[in-house]
Novice: 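Below is a structure I'd like to ask you about.
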Amino acid sequence: MPELPEVENVRRGLETLAVGKTVSAIDIRWSKIIVNPDEVFTAGLVGQQITAVDRRGKYLLIRFGEQLTVVSHLRMEGKYEVVAKEAPISKHTHVIFEFTDGQQMRYLDTRKFGRMQLIETGQENTVAGLKDLGPEPTPTIFLKAGFYQRLQKHHKAIKPLLLDQKVVTGLGNIYVDETLWLSHIHPETPANVLTRTETDRLHDEIIAELELAINHGGTTVNTFLNATGHAGAFQEMLHVYGKKGVPCERCGTPIEKIKVAQRGTHFCPKCQIKRDAK
DNA sequence: AGCTGCTCCTGGTCGC
DNA sequence: TGCGACCAGGAGCAGC
């Protein structure tokens, strides 16, 4: 599933393949993907040129001309491809941007969870989800002191807080399990029992893990911008996610899978000791 | 305000 | 083999 590293990879691919192209037509095949009325979305974008592709957290910000932005969230299975218009269209293609050069940028999404919204550039803060987004996971923006203070305010489990994009943006279920294992923290640990030393360690692991994944996913960019293609490569680097019953790399104890806040959660019961509330 | 639970979807897996 | 039940989950939202 696309988390921040995969979205960044898609961003880089679209930057290469779609910037400079001008939209000649739009075909919306599954209307619910588009937050705006179909005709507003289409009328706004036809004739516009793609000028840049930015990213904020897991949101893609596709810039059209100087004044318009399409905010695109891939959710679970969204993908983009840029292909010749003659290329076969899969049944999971829901939005097609046709360009004046005969190519098409297509949005594919097996489970149709993804969303796209046309806004005026500069109005990003009107989009629910974007306006309350926390810091990007980079050392200059995501600060240890603020992270610690934020966690101290909560007594619920650390895992759902890391999934909350308001605390830090970019983590999904896979990377949360991975960073908690790397940090020796049990996913159900109440956030406010974590020490400053522990949250500092967690902070560093989050930054390092996402950077590693971005760099790892940045190796292959072709006309098909496929998040799962890169996830396949990163698969080899996972320590706990999807490894129920497999011996922990550090201590050999079988990895366990439980539910935390309705999410499948993988951890090592020996390396990640559960602690009670204060 | 914090938190929980529901919703959207389809493909894959499991039991019978 | 076929079929139904159930699971996977990011984030917006309602409701307590």
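Residue numbers start from 1 in every chain, and the chains themselves are labelled A, B, ... in the order their sequence lines are given, proteins ahead of strands.
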Novice: Of Ile28(A), Ile26(A), Ile89(A), which meets side chain to side chain contact (heavy atoms under 4.5 Å, CB included) against Ile96(A)?
Specialist: Ile89(A)
Novice: Answer yes or no: does atom NZ of Lys153(A) have more than 12 heavy-atom neighbours from other residues, nucleotides or ligands under 6.0 Å?
Specialist: no
Novice: Counting any heavy atom closer than 4.0 Å, what does Lys153(A) reach on the DNA or RNA strands: base, sugar-phosphate only, or nothing?
Specialist: nothing
Novice: Scan Lys259(A) against the nucleic acid and name what it touches under 4.0 Å (heavy atoms): base, sugar-phosphate only, or nothing.
Specialist: sugar-phosphate
Novice: If you compare every side-chain N and O of Lys58(A) against the phosphate oxygens of dG10(C) (OP1, OP2), does one of them come in below 4.0 Å?
Specialist: no
Novice: Counting only non-hydrogen atoms, which of residues 87-94 of chain A are less than 4.0 Å from DNA chain B?
Specialist: Lys91(A), His92(A)
Novice: Expressed as a whole number of angstroms, how long is the span from Asp177(A):CG to dG10(C):P?
Specialist: 10 Å
Novice: Starting at the 5' end of DNA chain B, which residue's closest nucleotide do you reach first, His155(A) or Arg263(A)?
Specialist: His155(A)
Novice: May I ask whether Val7(A) and Leu14(A) are part of the same hydrophobic cluster, defined by side-chain heavy atoms of I, L, V, M, F, W, Y residues being less than 4.5 angstrom apart, directly or through others?
Specialist: yes
Novice: If only side-chain N and O atoms of Gln262(A) are considered, is one of them under 4.0 Å from the OP1 or OP2 phosphate oxygen of dG5(B)?
Specialist: yes
Novice: Taking only the side-chain nitrogens and oxygens of Lys32(A), find out if one of them lies under 4.0 Å from OP1 or OP2 of dC8(B).
Specialist: no
Novice: Testing Glu81(A), Arg29(A), His94(A), Lys79(A) one by one against Arg106(A) for a side chain to side chain contact (heavy atoms under 4.5 Å, CB included), which residue passes?
Specialist: Glu81(A)
Novice: Checking contacts here: which listed nucleotide (dT4(B), dG12(C), dA8(C)) is nearest the side-chain heavy atoms of Arg75(A)?
Specialist: dG12(C)
Novice: Using a 4.5 Å cut-off on heavy atoms from C-beta on, say whether the side chain of Leu17(A) contacts that of Met105(A).
Specialist: no
Novice: Kindly point out which of dA11(C), dG2(B), dG12(C) is positioned nearest to the side chain of Tyr59(A)?
Specialist: dG12(C)
Novice: Which of these nucleotides, dG10(C), dC13(C), dT10(B), is closest to any side-chain atom of Ala128(A)?
Specialist: dC13(C)
Novice: On DNA chain B, nearest-nucleotide positions of Phe113(A) versus Pro160(A): which is more 5'?
Specialist: Pro160(A)
Novice: Are any of the side-chain heavy atoms of Leu182(A) and His239(A) separated by less than 4.5 Å?
Specialist: yes
Novice: Is any side-chain N or O of His73(A) closer than 4.0 Å to OP1 or OP2 of dA11(C)?
Specialist: yes
Novice: Does the side chain of Ile214(A) come within less than 4.5 Å of Arg12(A)'s, by heavy atoms?
Specialist: yes
